Every structure is written in structure tokens, then in C-alpha cells.
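Accompanying notes for the structure given below.
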There are 2 protein chains.
Amino acid sequence: MKISKTEENYLKAIFSILEKGKPSASTNSISQKMETSAASVTDMVKRLAKKKLAIHESHKGVKLTKEGNKIATMLTRKHRLWEVFLVDKLDFLWDEVHEMAEELEHIQSKEMIDRLDNFLGNPKFDPHGDPIPDADGKFATRQQTPLNEFKVGEKGTVVGVRESSTPFLQYLDQLGLGLGSKIEILEKYEYDNSAKILLNKSKEIVITGKVCLNLFLQK
Amino acid sequence: MKISKTEENYLKAIFSILEKGKPSASTNSISQKMETSAASVTDMVKRLAKKKLAIHESHKGVKLTKEGNKIATMLTRKHRLWEVFLVDKLDFLWDEVHEMAEELEHIQSKEMIDRLDNFLGNPKFDPHGDPIPDADGKFATRQQTPLNEFKVGEKGTVVGVRESSTPFLQYLDQLGLGLGSKIEILEKYEYDNSAKILLNKSKEIVITGKVCLNLFLQK
DNA sequence: AATAATTTTTAGACTAATCTAAAAATATAT
DNA sequence: ATATATTTTTAGATTAGTCTAAAAATTATT
């Protein structure tokens with residue numbers, strides 16, 4: 001059965017909504033992710049259901065079948081491996097690679113992606129710290145805590161970001177914060193969740209509540 | 001102006017026909033390359049003409065504009081660079097890479113392809129010996145002669161193939177012939193253009209006229 | 001429970017890319 | 001040069017993916 005690029009993108013959108021713990025993905029939430037009308041979503045969801053990639057009960061949202069889930073997982077695998085390639089081999093910055101990976105993830109060959117995986121040294125996480133599923137679809141797990149849950153005096157290493165939009169990543173770059181940065185909490189300002197931190201044992205900076213919420217660290 | 005993947009494929013098809021020295025590409029020749037009906041070609045050619053990528057006079061075939069030519073050249077550049085990547089970095093065989101490169105060539109980013117070029121060491125020829133245009137669209141040239149024009153006693157090194165279909169390349173592999181093979185002509189059999197050759201100064205083999213016609217060598 | 005607001009689906013239309021069948025134009029052969 | 005064959009174009013239909021506007025279903029509010 002052939003699956004179009006558009007269908008793949010819908011599967012990914014649904015997957016990303018379900019990933020956040022929702023029991024099913026609403027038509028509206030999908031239309032926002034895909035930047036299309038709700039009517040288009042209804043049409044497409046019916047097509048995915050007919051192909052046994054999704055389960056759709058009218059007015060009750062969409063889930064993925066095992067097959068739909070597998071396809072979305074493999075798209076995620078491809079996306080993240082290509083991001084590693086672009087950063088590690090072609091020297092792009094972590095905020096520059098998303099769009100390119102969005103295109104590259106639709107390249108078919110499974111053999112190619114498995115070889116790419118090997119070529120890159122079987123990375124477990126992408127340049128934003130997101131886990132890369134292996135060839136069987138298994139995601140690596142990792143002990144990680146958002147910075148806002150840290151207490152004064154605690155230390156940790158940045159291992160991921162909750163949001164990987166270009167502006168946010170560029171802002172982190174400006175601050176000198178990236179994957180691998182060592183952090184110690186010096187002070188916390190509860191009124192807006194901001195904090196003063198010691199960065200890489202050398203520089204004191206103040207970061208906003210938004211940043212605290214979106215940084216994942218390993219203790 | 002946005003150019004669809006389909007339009008890109010038509011541009012490439014037209015380009016490849018014109019490349020063989022034809023003054024213009026006929027509707028029929030394009031429909032054969034694209035494996036579509038002649039009617040579809042007429043439709044598409046009109047669209048390309050409207051976008052100023054092709055020049056079309058009814059019943060008189062198609063040419064490419066400077067812009068159309070440039071796009072086709074850049075597609076060729078991308079295709080061939082990706083082939084080098086697949087063979088040099090992911091260890092695919094020269095007969096396995098065409099289909100994957102057909103997909104990869106449609107990835108947009110020019111910056112990415114220029115970086116890929118550098119990463120690969122700015123190769124001038126792809127795994128089949130075809131020249132890779134540089135970032136400005138310039139093709140490398142090379143002194144090359146088809147094997148059938150060689151005389152008994154002459155020697156040369158294989159640098160390219162006229163046809164790069166999977167069966168032909170696999171047949172060459174079976175014979176132990178590839179880019180870089182050293183050849184000396186021992187005998188020529190005029191009645192069917194076959195020849196007996198000395199391969200890599202070690203092995204005597206007989207090759208058919210078809211092979212002689214499709215191998216390019218440097219003297 | 002009835003009404004209002006929101007979400008989802010249906011209906012009908014549009015575009016890109018394709019097709020078949022028929023008509024028109026060009027090329028070939030007697 | 002006329003008839004035949006081939007090539008190209010036109011006409012009309014089809015499918016995937018999209019849209020807007022309206023109808024239907026669900027959820028929230030009084």
C-alpha cells in the first residue's frame with residue numbers, strides 16, 4: 001500500500017498529539033498542527049481510517065492503529081537521524097536543521113536509513129536531545145527533569161529542550177546554553193519562576209521562567 | 001515561484017533529451033522518459049512554458065529556457081552528489097543508488113547541497129563516471145573514448161559508462177569491470193564488435209559489442 | 001432542560017496531474 | 001500529390017488534496 005507524503009505528515013501530526021498523553025487527537029488540534037482547515041482533516045482522517053492507519057469515530061477524535069503508529073515512529077526516526085547528519089557531518093547549527101529534516105524524512109529506503117544510523121555511530125538522541133527510535137521503533141529513555149523543578153543548590157547537565165523552535169534555540173545560543181551545558185541553581189525567584197544560575201562553573205546568568213520550563217537536565 | 005516535484009522531473013527528462021544533442025525534445029520522447037501519455041506531456045509542457053522554464057511551439061517540440069536549464073542542472077548536481085554520498089559514505093554499490101538519488105535530488109536547500117559537496121571532498125564525477133556540475137552549473141570535462149573505438153594493442157582505464165541501468169552495472173561487476181579497471185585490447189572480432197581484453201594486467205576476458213559500446217576509457 | 005457556543009462533518013467547488021478517445025497537424029510512402 | 005501512418009493536441013473525465021459555507025453534533029451556560 002502506497003502512503004503519500006501528505007498522509008505521512010498527517011500521521012506525524014496525530015502521533016505528536018497522542019505522544020503528549022492525549023487519549024485521542026481532535027480534528028481541530030490536527031488542523032492547527034497541519035495548518036489546514038478542519039474540513040480537510042475530516043477528509044484525510046477518513047482516508048487514513050480506510051487504509052487502516054487510523055481509527056476514527058465521528059466526533060470522537062482519532063487514534064493510530066499499530067501500523068499507523070509504526071509509520072509515524074519510522075518518520076520520527078528518519079527525521080532525527082537526518083538532523084544528526086546535518087549537525088554532525090555538515091556542520092549546521094541545531095536551530096537550522098528542522099526544515100531540511102522535514103523533507104528528508106520522506107525518503108523511502110529503510111536500508112538507507114539503517115546504514116545512515118550506522119554511519120552516524122547509532123546516536124540515541126538528536127541535536128535537540130530528543131530520543132531517536134531504533135530500527136525496531138524502540139525509543140531510548142533517560143532520566144531527565146525540567147529545570148523549573150530544580151531547587152537552589154542543585155546541579156545538572158542540559159540534555160534536552162521541550163520546544164525546539166528556531167527562536168528559542170537561537171535565544172539559548174545567545175545565552176551560551178546548549179546540550180551539555182553544566183548548570184547550578186544559585187537563586188530562584190518564585191514570582192515569575194526565573195532563576196539565577198551558574199553556567200559551566202564560570203558565568204552567572206539570569207534566565208526566565210519560560211527557559212526554566214523548556215530545558216531538560218540530568219542531575 | 002514554486003516548482004513541483006513533477007515539474008522538476010519533466011525538466012530533467014527534457015534536459016536529458018537535449019543533452020544528447022537533439023535541437024528540441026519531442027512530446028513522444030518525453031512521454032517515454034516519463035512513462036506518461038503524450039497528452040499529459042502536452043499539458044505539462046504548456047505549464048512549464050507559462051512559467052518561463054520551457055519554450056514550446058505547437059508540434060515543434062520543447063526547449064528549455066536559461067532558467068529551466070539551470071534548474072535541471074542543479075537537479076543533476078544534487079542527484080550525482082547524493083549518489084557519491086550513498087556509495088562513499090553508506091557503502092552502497094554503484095548499481096543500487098539510482099532510485100534513492102531520484103528522491104534525494106528533490107530536497108530543496110542549496111546551502112545543504114553545497115555543504116554536502118564539501119563534505120564529500122568536491123568530487124568531479126559520480127559513481128558511474130558522470131560529471132557533477134559545480135555550484136555554478138559548470139560540468140567538468142574529460143578526455144574519454146568508448147571502448148569500441150580502441151584498436152588492438154591500445155590500453156586504457158575505465159572512467160565511465162554510457163548507460164547506468166542496474167542490470168548493465170551488475171553485469172560489469174560480474175565481469176570484474178568497474179571504474180578504474182585497466183584494460184588492454186588483445187583481439188577484436190569485427191563481425192559482432194566483441195573483443196578479447198586483458199583486465200588489470202592479469203585476466204583475459206571476452207566482452208560483447210554492447211559492453212564495448214557502453215564503456216568509456218581514458219587512454 | 002433549553003439555549004448558546006463550539007467542534008465536527010457534509011456538500012460542493014477548485015487545482016494539479018493524470019488518463020482515454022477523438023481530432024488536427026505533420027511526415028512518409030506509393 | 002494523394003493516401004496512409006504517425007505524432008501532437010484538444011476535449012472531457014478522474015483522483016488527491018485542498019478550500020468555504022452551511023448543517024449537524026457535541027459541549028457549555030444559564
Side-chain angles (χ1 to χ4, degrees), chain A residues 1-15 17-18 20 22-64 68 71-72 75 102-103 105-106 108, chain B residues 1-15 17-18 20 22-64 68 71-72 75 102-103 105-106 108:
Chain A
M1 183 186 33
K2 208 187 290 176
I3 295 155
S4 75
K5 187 168 157 178
T6 312
E7 288 167 334
E8 287 190 340
N9 283 333
Y10 273 95
L11 289 174
K12 261 208 335 171
I14 297 165
F15 181 82
I17 291 162
L18 297 175
K20 301 212 169 84
K22 306 261 167 71
S24 78
S26 73
T27 302
N28 251 4
S29 64
I30 299 169
S31 80
Q32 280 178 309
K33 268 249 155 58
M34 293 296 297
E35 297 181 313
T36 57
S37 71
S40 304
V41 173
T42 303
D43 283 356
M44 176 55 85
V45 154
K46 282 182 182 170
R47 240 174 303 169
L48 294 176
K50 202 183 287 175
K51 289 191 174 183
K52 308 261 185 225
L53 301 174
I55 298 156
H56 181 226
E57 281 181 279
S58 204
H59 291 94
K60 293 197 172 169
V62 197
K63 300 170 195 209
L64 293 180
I71 292 168
L75 286 167
E102 285 285 301
E103 292 186 67
E105 75 192 7
H106 297 290
Q108 298 289 320
Chain B
M1 183 186 34
K2 208 187 292 175
I3 295 157
S4 75
K5 187 170 157 178
T6 311
E7 289 167 333
E8 287 190 340
N9 283 332
Y10 273 94
L11 289 174
K12 261 207 339 170
I14 297 164
F15 181 81
I17 292 161
L18 297 176
K20 301 212 170 82
K22 306 263 168 68
S24 80
S26 72
T27 301
N28 251 5
S29 64
I30 298 168
S31 80
Q32 280 177 309
K33 267 251 154 59
M34 293 297 296
E35 298 181 310
T36 58
S37 70
S40 304
V41 173
T42 302
D43 283 356
M44 176 56 85
V45 154
K46 282 182 183 169
R47 239 174 305 167
L48 294 175
K50 203 183 287 174
K51 288 189 175 186
K52 308 262 186 227
L53 301 174
I55 297 156
H56 181 227
E57 281 182 277
S58 202
H59 292 93
K60 292 197 173 170
V62 196
K63 299 170 197 210
L64 294 180
I71 292 168
L75 286 167
E102 286 286 299
E103 293 187 68
E105 75 192 7
H106 297 290
Q108 298 290 319

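So that the names make sense, note that chain A is the first sequence line, chain B the second, and so on, each numbered from 1. We use all heavy atoms of the structure for the numbers below, so side chains are in, but hydrogens, waters and symmetry mates are not. Keep in mind that what you see is a predicted model, and the values were worked out from it rather than measured.
Counting only heavy atoms from C-beta on, B/A38 has its side chain closest to D/dT8 among D/dT10, D/dT8, C/dT9. Comparing D/dT18, C/dA16, C/dT8 against the side chain of B/R47 picks out C/dA16 as the nearest. Closest approach to the B/A39 side chain among C/dT9, D/dT8, C/dA21 is made by C/dA21 (side chain taken as heavy atoms from C-beta onward). Closest to the side chain of B/S4, out of C/dA17, D/dT8, C/dT9, is C/dA17. When the nucleotides D/dT18, C/dT18, C/dT9 are ranked by their closest atom to the side chain of A/T42, C/dT9 comes out on top. Checking C/dT18, D/dG17, D/dT8 against the side-chain heavy atoms of A/M44 singles out D/dG17 as nearest.
Across all strands shown, A/S37 has heavy atoms under 4.0 Å from base atoms, whether or not it also approaches the sugar-phosphate. Note on B/S40: a base of the nucleic acid sits closer than 4.0 angstrom, heavy atoms only. Backbone-only engagement by A/T6 is indicated by non-hydrogen atom pairs under 4.0 Å involving sugar-phosphate atoms exclusively.
Distance CD (A/E57) to C1' (D/dT26): 14 Å, rounded to an integer number of Å. We find that CG of A/N9 is positioned 11 Å from P of D/dG17, with the value rounded to whole Å. One can place CE of B/M34 at 14 Å from C1' of C/dA16, the figure rounded to the nearest angstrom. Computed from coordinates, the A/D43 CG to C/dT9 C1' distance equals 9 Å when rounded to whole Å. Rounding to whole angstrom units, NZ of residue A/K50 and C1' of D/dA16 are separated by 12 Å. Between the C1' atom of C/dT15 and the NZ atom of B/K51 lies a distance of 12 Å, rounded to the nearest Å. Between the NE2 atom of B/H59 and the P atom of D/dT9 there is a distance of 5 Å, given to the nearest Å. Between the CD atom of B/Q32 and the P atom of D/dT7 there is a distance of 9 Å, given to the nearest Å.
In this model, the phosphate group of D/dT8 is not approached by any side-chain N or O of B/H56 to a distance below 4.0 Å at OP1 or OP2. The shortest distance between the side-chain N/O atoms of A/Y10 and the OP1/OP2 oxygens of D/dA16 is not below 4.0 Å. Considering only side-chain N and O atoms, B/N28 lies nowhere under 4.0 angstrom from the phosphate OP1 or OP2 of D/dT6. The shortest distance between the side-chain N/O atoms of B/T27 and the OP1/OP2 oxygens of D/dT9 is below 4.0 Å.
Checking each of A/K51, A/K12, A/R47 against A/E7 for a salt bridge (charged side-chain N to carboxylate O under 4.0 Å, His left out) leaves exactly one that passes, namely A/K51.
Sequence order on DNA chain D of the closest nucleotides to A/T36 and A/K60 puts A/T36 first from the 5' end.
The CD1 atom of A/I14 lies 11.0 Å from the CG atom of A/N9; values are rounded to the nearest 0.5 Å. Here the CG atom belonging to B/L18 is positioned 8.5 Å from the OG atom belonging to B/S29, to the nearest 0.5 angstrom.
Around atom NZ of B/K63, no more than 12 heavy atoms belonging to other residues, nucleotides or ligands sit under 6.0 Å away.
Minimum heavy-atom separation, A/A54 to A/V62: CB-CG1, 3.7 Å.
Checked by atom type and distance alone, the side chain of B/E103 pairs as donor or acceptor with a backbone atom of A/Q108 at under 3.5 Å.
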